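Everything numeric in this text was worked out from a predicted model, so none of it was measured. Residue numbers start from 1 in every chain, and the chains themselves are labelled A, B, ... in the order their sequence lines are given, proteins ahead of strands.
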Amino acid sequence: MPPEYVGLRGDRRVASRPCSSRDECGRPAELELGRAVAFAYPSAPRERTFLMIKILAARFAAAFSAVAGHPFDPAVRVSQFSDFQANGALALARQLGRPPREVAAAVVAHLDLAGIADEVSVAGPGYINVNMAAGFLAASAAALLGDARLGVQERAGERVVVDYSGPNVAKELHVGHLRSTVIGDATARTLEWLGHDVVRANHLGDWGTPFGLLIEHLLDLGETAAAHDLSVGDLDAFYVAARAKFDADPAFADRARSRVVALQSGDPETLRLWRLLVAESERSFLAVYATLGVTLSPADFQGESFYNPMLAPLVSELDGLGLLRPSEGAQCVFPQGFSIPLIVRKRDGGFGYPATDLAAIRYRTQELKADRLVYVVGSPQHQHFEMVFQTAREAGWLAEPARAEHIGFGQILGADGRKLASRSGDTVKLAALLTEAVDRAARIVAAKNPELDPAEQAAVAYAVGVGAVKYADLAGDRIKDYVFDWDRMLSTTGDTAAYLQYTYARIQSVLRRSEESASGVSAVEGPLLLDSSAERALALALLGFADVVEEVAETLQFHKLTGYLQSVAGAFTAFYDSCPILRAPSPEVRASRLGLSRLTARVLRQGLDLVGIVTPDRM
RNA sequence: GCGCCCGUAGCUCAGCGGAUAGAGCAGCUGCCUUCUAAGCAGUUGGCCGCAGGUUCGAAUCCUGCCGGGCGCACCA
């Protein structure tokens with residue numbers, strides 16, 4: 001087999017590559033192709049924010065710097081002993097050589113929290129505990145209720161390119177693409193909502209030697225028949241058939257090889273056939289994206305072929321910069337800090353993915369003027385991206401303030417602790433996985449709420465099923481592997497999407513009833529009253545939304561958002577359990593509790609929307 | 001051989017320099033003539049892989065081991 005027939009390009013977004021030639025599969029790699037605010041507190045102008053911790057941190061910072069004589073981090077955190085605590089006094093004490101409690105007391109003496117906190121105390125070795133004033137929480141929560149953005153300030157707008165999903169043309173989306181697609185879409189949604197200018201980049205594997213045999217197979221079938229086969233959705237079967245012919249029929253293999261040459265030299269007819277394959281694949285991808293509720297559109301497809309014309313000039317440019325060094329017949333860059341080369345041009349003259357990735361960086365920073373490049377690709381490719389980024393820096397294509405990040409993630413494992421595969425050992429197709437998710441959810445919905453009419457049951461099953469899959473993918477630290485477990489992800493209790501969706505649906509139910517009982521007129525919101533501990537705790541939880549969203553936008557650790565939403569839902573259900581809303585003791589309390597409910601619903605809905613999970617109104 | 005990641009309750013996971021290590025599931029106790037019990041409240045359960053070190057203070061930082069996963073030049 002000629003070396004150029006080694007494998008499909010692309011699939012770089014797959015968490016782990018298909019079997020390599022020396023792994024447990026014991027099969028050569030070339031046989032593996034088919035698998036594979038402003039805070040509106042009274043008298044506070046717009047520069048304040050809703051963020052409790054930021055408000056406190058600012059006040060504490062003033063007090064700390066008064067004591068320290070210079071700026072000092074107050075280390076304000078959420079506390080289990082009070083609402084918040086500042087831990088900075090311990091570190092400052094060491095610096096000043098004074099007893100920590102004494103320093104803490106000095107800080108408290110300089111602290112101005114009038115109207116914000118009604119209880120400040122020094123505890124333990126020198127922690128400063130703060131309990132917020134109920135009036136302040138109430139006013140803050142009321143302001144949140146009146147803020148369409150729930151306290152999250154809109155950003156000035158960086159241009160961010162989010163590179164995710166990246167399936168291979170002529171192969172179907174499979175579990176290996178799930179995490180990149182889900183995490184990438186959550187990234188795009190979140191950054192976009194924050195006000196950034198997000199460019200979604202679906203870096204398809206749409207170029208390479210395999211297209212020789214694919215195109216010849218297509219010609220054998222006839223374009224019409226081939227298009228039919230492809231549109232039926234079984235792209236993998238099309239590839240497998242082509243591959244089988246290539247292996248069995250030398251004449252076919254020769255045609256395939258010359259077809260590759262024709263493709264690479266730009267033969268118009270060959271390019272037309274190639275586009276046909278690409279177009280059919282894209283239709284297949286879009287169908288799965290639609291089911292998944294992923295925001296990728298045809299405009300976001302920007303495959304490897306897009307960069308083809310840029311590759312030769314790019315290598316020349318690297319040469320001109322003196323970064324290129326021949327090694328064993330290949331053109332290489334040896335980025336600083338790495339002992340192995342980045343092969344930019346292969347010995348046979350072809351370009352590999354490092355060249356394409358470099359071209360993409362240069363295009364994205366220079367043409368798209370991107371400030372931030374996010375690559376949502378499995379963690380095995382960490383070193384590759386570090387090398388590419390370093391090379392781009394040395395070439396001047398990735399210069400401050402622009403930054404590139406590899407957002408890696410672990411594998412999805414089966415119950416056996418090994419990479420998830422179907423019973424027969426094949427990769428699991430995404431379309432089939434989602435169908436099963438919805439089917440399983442449908443059974444649960446039918447059992448839990450048979451009163452819903454069939455259409456609504458189906459809609460709920462869809463939201464719950466797909467939500468479960470996405471949530472399971474996002475709820476853990478993305479760097480770790482996780483075990484794919486239907487029972488756990490579809491559990492109606494616990495840390496699941498269904499629990500959040502159910503909480504949301506319950507709130508909607510109450511709100512619907514409130515409108516009925518108010519004879520169609522929505523009640524005017526009164527001031528919020530936080531008299532019970534449950535109401536207070538709920539308000540406090542709701543006020544944390546902006547903090548979490550901002551952190552997630554920076555770290556892209558979506559499990560922090562899902563964990564936060566769980567705490568909000570938990571605070572709500574505790575409140576729901578102990579505080580009658582519609583039958584509240586007075587109209588004022590009722591209005592306040594309805595306000596808290598409405599705010600909770602909005603936070604849950606917005607939070608889930610940021611990660612692409614749908615919230616049905618009934619379930 | 002070099003490098004990266006992960007080892008926390010029976011299970012799945014948070015916490016990543018600060019007070020008694022948290023949550024969900026599973027187990028056990030309670031709670032529906034009342035707004036969706038797909039729920040809530042309580043409870044049992046942990047030498048935070050091991051050993052050193054840094055620090056007033058370490059699950060958290062450093063070093064070395066052990067265990068698991070994954071990379072390491074013409075596949076993408």
Side-chain angles (χ1 to χ4, degrees), chain A residues 3 6-18 20-21 29-30 32-33 75 77 79-81 85 87 90-91 93-94 100 123-127 129 166 168 205 208-209 304 327-332 338-348 350 352-354 356-357 378-384 386 408 410-411 413 417 444-445 447-449 451 464 475-477 479-483 485 487-488 491-496 498-499 501-503 505-514 517 559-560 563 566-567 570 573-574 576-578 580-584 593 597 618-619:
Chain A
V6 166
L8 279 178
R9 293 183 166 212
D11 261 13
R12 300 191 298 101
R13 278 107 189 111
V14 174
S16 71
R17 44 158 99 185
S20 74
S21 56
E30 46 269 61
E32 298 306 319
L33 301 172
R77 309 279 135 86
S79 174
Q80 55 177 318
F81 301 98
Q85 66 183 61
N87 297 334
L90 291 110
R94 181 165 39 153
Y127 306 106
N129 288 337
N168 268 343
T209 50
E304 296 178 315
S327 174
E328 296 178 29
Q331 297 297 313
C332 304
F338 297 90
S339 54
I340 52 170
L342 192 68
I343 296 178
V344 177
R345 185 158 206 170
K346 297 186 285 187
R347 190 170 16 202
D348 67 3
Y353 65 108
T356 312
D357 280 331
S379 48
Q381 297 200 42
H382 184 72
Q383 183 176 261
H384 164 70
E386 289 305 318
Q411 290 193 78
L413 307 175
I444 294 166
V445 173
K448 294 285 184 188
N449 195 348
E451 270 95 79
V464 170
D477 187 348
I479 205 67
K480 295 186 180 179
D481 296 346
Y482 76 91
V483 176
D485 181 338
D487 292 333
R488 194 166 50 247
S491 166
T492 54
T493 61
D495 186 14
T496 61
Y499 173 78
Q501 290 167 321
Y502 177 63
T503 304
R506 291 167 95 187
I507 299 172
Q508 290 305 305
S509 174
V510 172
L511 295 177
R512 276 192 302 271
R513 287 170 183 275
S514 78
S517 61
H559 71 282
K560 294 191 171 167
Q566 286 292 326
S567 72
T573 47
Y576 178 89
D577 226 52
S578 63
I581 300 165
L582 300 175
R583 278 160 233 187
R593 290 178 178 171
S597 301
R618 282 173 234 266
M619 62 187 282

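Atom NZ of K560(A) and atom CG of D477(A) lie 8.0 Å apart (nearest 0.5 Å). Here H559(A) contributes atom NE2 and Y482(A) contributes atom OH; the two are 14.5 Å apart, rounded to the nearest 0.5 Å. R513(A) CZ to I581(A) CD1: the interatomic distance, rounded to the nearest 0.5 Å, is 11.5 Å. Summarising the geometry, atom CD belonging to Q383(A) is positioned 10.0 Å from atom CG belonging to L342(A); distances are rounded to the nearest 0.5 Å. Summarising the geometry, atom CZ belonging to R347(A) is positioned 9.5 Å from atom OG belonging to S327(A); distances are rounded to the nearest 0.5 Å. With rounding to the nearest 0.5 Å, the separation of CG in L413(A) from CG in D485(A) is 12.0 Å.
rC32(B) and rG22(B) are spaced 30 Å apart, taking the C1' atom of each and rounding to whole Å. Between rG10(B) and rG46(B), the distance separating the two P atoms is 7 Å to the nearest Å. Rounded to the nearest Å, the gap between the C1' atom of rU8(B) and that of rA21(B) is 8 Å. rU60(B) and rG49(B) are spaced 15 Å apart, taking the C1' atom of each and rounding to whole Å. A gap of 15 Å separates the P atoms of rA19(B) and rC61(B), to the nearest Å. Separating the C1' atom of rU43(B) from that of rC25(B) is a span of 15 Å, rounded to the nearest Å. Taking atom P in both rU44(B) and rG7(B), one finds a spacing of 27 Å when rounded to whole Å. Rounded to whole Å, the C1' atom of rG42(B) lies 39 Å from the corresponding atom of rC5(B).
Side-chain N/O atoms of D577(A) and base N/O atoms of rA37(B) include no donor-acceptor pair closer than 3.5 Å. Donor-acceptor pairing under 3.5 Å, judged by distance alone, is absent between the side chain of T493(A) and the base of rA38(B).
Heavy-atom minimum distance, I343(A) versus A330(A): CG2-CB, 4.0 Å. Closest heavy-atom contact between I507(A) and S597(A): CG2-O, 3.2 Å.
Applying the Watson-Crick and G-U wobble criteria (two distances, each under 3.5 Å), rU33(B) pairs with nothing in any strand. rG52(B) is paired with rC62(B) under the Watson-Crick or G-U wobble criterion, all donor-acceptor distances under 3.5 Å. With a 3.5 Å ceiling on both atom-pair distances, the Watson-Crick or G-U wobble partner of rC13(B) is rG22(B). The base-pairing partner of rG57(B), taking Watson-Crick or G-U wobble contacts with both distances under 3.5 Å, does not exist among the strands shown. Across all strands shown, the partner of rC2(B) is rG71(B), judged by Watson-Crick or G-U wobble contacts whose two distances both fall under 3.5 Å. In this structure, rU43(B) and rG27(B) make a Watson-Crick or G-U wobble pair, each of the two defining distances being under 3.5 angstrom.
Here V483(A) lies in heavy-atom contact (under 4.0 Å) with sugar-phosphate atoms only. Within the 4.0 angstrom heavy-atom criterion, base atoms lie near N129(A). Within 4.0 Å (heavy atoms only), F81(A) reaches at least one base atom of the nucleic acid. At the heavy-atom level, G476(A) lies under 4.0 Å from the strands shown only through sugar-phosphate atoms. No engagement by A75(A) is indicated, since no non-hydrogen atom pair under 4.0 Å with the nucleic acid exists. Counting non-hydrogen atoms under 4.0 angstrom, S509(A) reaches a base of the nucleic acid. Using a 4.0 Å heavy-atom criterion, one finds that I343(A) contacts the bases of the nucleic acid, with or without backbone contacts as well. As judged by a 4.0 angstrom heavy-atom cut-off over every strand, A498(A) is placed among residues making no nucleic acid contact. Looking at heavy-atom distances under 4.0 Å, D481(A) makes contact with sugar-phosphate atoms alone, never a base. Nucleic acid contact class of Y576(A) (heavy atoms, under 4.0 Å, all strands): base. If you check every strand for non-hydrogen atoms under 4.0 Å, S578(A) touches nothing. No contact: Q501(A) has no heavy atom under 4.0 Å from any strand. Note on R94(A): a base of the nucleic acid sits closer than 4.0 angstrom, heavy atoms only. Residue S79(A) is in base contact, counting any heavy-atom pair closer than 4.0 Å across all strands shown.
Under the 4.5 Å side-chain criterion, counting only non-hydrogen atoms from C-beta, I444(A) is in contact with T492(A). Taking 4.5 Å as the limit, every side-chain heavy atom of R618(A) sits out of range of all side-chain heavy atoms of N449(A).
Rounded to whole angstrom, the span from the OH atom of Y502(A) across to the C1' atom of rC35(B) amounts to 11 Å. Distance CG (D487(A)) to C1' (rC11(B)): 13 Å, rounded to an integer number of Å. For the pair Y499(A) OH and rA37(B) C1', the interatomic distance rounds to 12 Å; values are reported in whole Å. The separation between Q381(A) atom CD and rG71(B) atom C1' is 10 Å, rounded to whole Å. At whole-Å resolution of the value, NZ in K560(A) and P in rG22(B) are 18 Å apart. Atom-to-atom, NE2 of H384(A) to P of rG3(B) comes out at 21 Å; the value is rounded to the nearest Å. Following rounding to the nearest Å, H559(A) (NE2) and rA23(B) (C1') show an atom-to-atom distance of 13 Å. The distance from atom CD of E386(A) to atom P of rC72(B) is 15 Å, rounded to the nearest whole Å.
Of all nucleotides listed (rU36(B), rC5(B), rA19(B)), rC5(B) comes nearest to the side chain of I479(A). Of the candidate nucleotides rC72(B), rC70(B), rC6(B), rC70(B) has the atom lying nearest to any side-chain atom of P380(A). Looking at the side chain of T492(A), the nearest of the listed nucleotides rC70(B), rC40(B), rA38(B) is rA38(B). Comparing rC6(B), rG69(B), rC35(B) against the side chain of Q411(A) picks out rG69(B) as the nearest. The nucleotide whose nearest atom lies closest to any side-chain atom of Q85(A) is, among rC72(B), rA19(B), rU34(B), rA19(B). Of all nucleotides listed (rC72(B), rC6(B), rG69(B)), rC72(B) comes nearest to the side chain of Q383(A). Candidate nucleotides rC40(B), rG22(B), rC35(B) were compared by shortest atom distance to the side chain of Q80(A), and rG22(B) ranks first. Looking at the side chain of H382(A), the nearest of the listed nucleotides rC4(B), rA19(B), rA14(B) is rC4(B).
Remark: R513(A) is in phosphate contact with rU36(B), judged by side-chain N or O atoms under 4.0 Å from OP1 or OP2. When the side-chain nitrogen and oxygen atoms of K480(A) are compared with OP1 and OP2 of rA14(B), one or more of them lie within a distance under 4.0 Å.
Each of E328(A) and I444(A) has a nearest nucleotide on RNA chain B; the 5'-most of these lies closest to I444(A). Two residues, R488(A) and P125(A), neighbour RNA chain B, and the one matched to the more 5' nucleotide by heavy-atom proximity is R488(A).
Annotated as syn: rC32(B), whose O4'-C1'-N torsion sits within 90° of 0.
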